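Just so it is clear, the structure is predicted and the values come from calculations on it, not from any experiment. Order of the sequence lines sets the chain letters (A, B, ...), proteins ahead of strands, with each chain counted from 1.
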2 protein chains.
Amino acid sequence: MTIRIAIVGLGKIARDQHLPAIEKDARFELAAVASRSAGVDGVPHFTDLSELLASDVQFDAVALCTPPQVRHAIARQAIDAGKHVMLEKPPGATLSEVEDLKAAAQAKGVTLQTTWHSRYATAVAPAQTWLSGKTIKSVQINWKEDVRVWHPGQTWIWQAGGLGVFDPGINALSIATVVLPAFFLEKATLHVPENCQSPVEAQLTFRTVTGAPVQADFDFLQTGEQSWDIIIDTDGGELKLSHGGSRLWVDGQLTHEGPDEEYPGLYDAFARLIAAGGSDVDVSPLRHVADAFLLGERVTAPAFIE
Amino acid sequence: MTIRIAIVGLGKIARDQHLPAIEKDARFELAAVASRSAGVDGVPHFTDLSELLASDVQFDAVALCTPPQVRHAIARQAIDAGKHVMLEKPPGATLSEVEDLKAAAQAKGVTLQTTWHSRYATAVAPAQTWLSGKTIKSVQINWKEDVRVWHPGQTWIWQAGGLGVFDPGINALSIATVVLPAFFLEKATLHVPENCQSPVEAQLTFRTVTGAPVQADFDFLQTGEQSWDIIIDTDGGELKLSHGGSRLWVDGQLTHEGPDEEYPGLYDAFARLIAAGGSDVDVSPLRHVADAFLLGERVTAPAFIE
C-alpha cells in the first residue's frame, strides 16, 4: 500500500527534511503541496488545505509543516476529512488544542503523530540501552546555537507562541524525556529581548523523580562552536550525547556516530502507525516548555535585531 | 470509618474554608496541623510534614494548602508515606509535576484529588442540566475582583509561578471546563506590572470545538462592584452564572441561588473517592493557564503597590 501524502506549509523544514524523507521511502508518494507561496515541480499545488480538499486529488495523509500558531485549525480540518496527520514539532500552539486533536483523531479512526525528530537521532537508542540499570547522578544539557545561522528570517519564532530559544531547546527536551526518568521543573529564568515576545536564552533547573538534578542551558546567540549536548553522570560512568543526539560518548570515548537519519526515522514510524491503525501523541516536551513559561522568571535582554 | 486528616499550610484558605468544612463533615477528624507559624487549639501542631510523619500521630490523609510553588515535594512525600492527598488549587506549580503525582498515587494505591472548589458552587450543576442539548453561540467570562480586598499581603501571587490574576481566573476556567464543550486558546494578552512576574489583567480569546467564541476578561484591580460571571448565549436563551457560580439566571430571571457550599462539596467528594479507592486528577484549568502563558502576548502594566 502506498501512502499518498500531502505537505501543508512548504517552508525550510519541509524542503530540507520532509521532501527528501518522502522521496526516499517507497511507502510514501507525494500527492500534493499546499502552500501560499511555493510548490514542487510536477506535483499538484494548492494555496491551502481547503483548496486541496475541494480538488479531485486523492490523498491519505498530511504532513503539517506550518508554524505552530496556525497548526490546530488545519490539523483538525485534515482529521475531520479522514486524513492521517503528522504534526511537525511543536504539535500545537497550546497543549489544550493537542488534546482536542487527539480526541478528534481517535473519534475519526485516523492516525495522529506528534513528531519529535531528535528522538530518531543515531545515538539516542544506544544511549537508552547504555543507561538501562544505571543510577543517574546529574544531568547537564547545553543547547546553544546561533539563531541567525539556523533560522534566518523566521520572525514567527520571536512572536508570542513562537517559543524563541525553546524552538531548538524542545529538541533537547524531546531526547531527555525518552532517555531520563520523569523530571520536572523547579526553577527557570527566561531572557526575553525587549523587542520580542519569546526568550533568546533560558536556564532551567529540573529534578528527576529519583532526585537527580537536571540543568538545561539554552542559548540562541551562540557564535563559534555550537553545542547540542546532553551529559549524564551515572554510577557507571559518564554518557555524553553530542551533536543533537547523533554521537554517543562514554567516559570520553566515541562509541556511536551516524549520518542524519532523523526524518527517515519519523516517516518510518508514521508508516508503521498508519499500518497498525495507531497514534502516537506525546506532549511531554511541549508540556515542559509550557511549564517553563508558567513558572519561569522573566528578565529583559537586549533587543534582538537580525 | 473516620478519615484522620492533617492540614499542611495553615494560611487564609485553610482557616476560612478547610477547617470549617472538616469540622462540619462527620467522616473527617482533624488529626494534626503542619505549619511554620500557626496552629489550631487542641490539635497536635508540627512545623512541617516531615516532623508530623516522624511523630506518633496517626493520620490517613493530607489537605495541602501551601502556595503552589512548594506543593509538589510535600505532596510526593505524603503519597510516598501512603497518605491520601487533597491538593488545593492550582494542583502544582507545573503540569509535569502533577503528572508525576498522578503516577505516584496510582503506584501507591492512594487517593489523589485535584480540587477546583468553584465547580461545587450551587448553580454549576443546574447550569450543566440547563445547557444539555442546547447549542452554544458565544460565551463571555468576566472575572474582575480587587486583589487588595481578597488577597491582602499574599505577595507570592505576584512572584514567578504565582499566577497573578489567574489565581482567581482559574476558578472561572474550572467552571467553564465542566459546563462548556472543549475549548482552546487562540489569542491572549497578559498585562504584567513592571515590578511583578505575574499578570494583573488578561484578555483571553478561546473557541469551542463546536466553533463558538469564548471571551474571558480577568482583572485584579476591579474596585466597586466585583464580577465573577459567565454568560452563555445559546439557541435556547441566555444563561448567566453570577457570583462565582452561586447564582443562575436564565434570560434575566434568577432561577437558582444558594449559600456557599463549595468546600463541603469538595470534602464530600474526597471522602467518596477515598471510600471507592479512586482518584480525580484533572489539570484542564491549569493547562489553559499554562497555554495562556505559552501563547499570550505580554504587555507592561503600571507597577503594583499594595
Side-chain angles (χ1 to χ4, degrees), chain A residues 68-70 72-73 76 80 90 92-104 107 159-163 166 173 177 181-190 192 194 196-198 204 206-211 283-300, chain B residues 68-70 72-73 76 80 90 92-104 107 159-163 166 173 177 181-190 192 194 196-198 204 206-211 283-300:
Chain A
Q69 289 96 327
V70 295
H72 173 268
R76 186 63 203 256
D80 290 348
T94 65
L95 291 164
S96 301
E97 70 189 50
V98 184
E99 292 294 316
D100 174 61
L101 296 180
K102 187 178 177 178
Q159 295 162 10
L163 302 190
F166 286 90
L173 295 170
T177 44
F183 55 90
F184 28 86
L185 192 66
E186 294 188 336
K187 192 175 182 308
T189 306
L190 311 184
V192 183
E194 59 185 20
C196 297
Q197 284 288 331
S198 297
L204 312 165
F206 302 92
R207 193 170 293 276
T208 69
V209 285
T210 51
V283 299
S284 62
L286 182 60
R287 191 168 54 217
H288 281 302
V289 176
D291 284 343
F293 277 70
L294 187 64
L295 183 64
E297 180 123 12
R298 290 185 171 227
V299 298
T300 303
Chain B
Q69 289 96 329
V70 295
H72 173 267
R76 186 62 203 258
D80 290 349
T94 64
L95 291 165
S96 302
E97 71 189 50
V98 185
E99 292 294 317
D100 174 61
L101 296 180
K102 186 178 178 178
Q159 295 162 10
L163 302 190
F166 285 91
L173 294 170
T177 45
F183 56 90
F184 27 88
L185 192 66
E186 293 189 335
K187 191 175 182 312
T189 305
L190 311 184
V192 183
E194 60 185 19
C196 297
Q197 283 287 331
S198 298
L204 311 166
F206 301 93
R207 193 171 292 276
T208 70
V209 284
T210 50
V283 299
S284 62
L286 183 60
R287 190 168 55 217
H288 281 301
V289 175
D291 284 342
F293 277 70
L294 187 65
L295 182 65
E297 180 123 13
R298 290 185 171 229
V299 298
T300 303

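Contact annotation: the side chain of Val209(B) approaches that of Arg76(A) to within less than 4.5 Å [non-hydrogen atoms, C-beta and beyond]. Side-chain contact between Leu294(A) and Leu294(B): absent, with no pair of heavy atoms (C-beta onward) separated by less than 4.5 Å.
Interface remark: Glu99(B) contributes side-chain atoms only to the contact with chain A (heavy atom separation under 4.5 Å). Of the atoms belonging to Phe183(A), it is backbone heavy atoms, and not side-chain ones, that fall under 4.5 Å from chain B. Contact of Gln197(A) with chain B is made through the side chain alone, with heavy-atom distances under 4.5 Å.
Summarising the geometry of Arg298(A) relative to Phe293(B), their closest heavy-atom pair is NH2-O, 4.2 Å, with the distance given to 0.1 Å. Residues Asp291(B) and Ser96(A) approach most closely at OD2-OG, 2.6 Å, considering heavy atoms. Of all the heavy atoms in Ala290(A) and Ala290(B), the pair that sits closest is CB-CB, 4.1 Å.
For Thr210(B), the side chain to side chain donor-acceptor pair (under 3.5 Å) partners are Thr208(B), not counting sequence neighbours. When the side chain to side chain donor-acceptor pair (under 3.5 Å) test is applied to Glu186(B), the partners found at least two apart in sequence or on another chain are Arg207(B).
Interatomic distance, Phe184(B) CZ to Asp100(A) CG, rounded to the nearest 0.5 Å: 4.0 Å.
In terms of heavy-atom pairs under 4.5 angstrom with chain B, the leader among Ala104(A), Ala73(A), Gly161(A) is Gly161(A).
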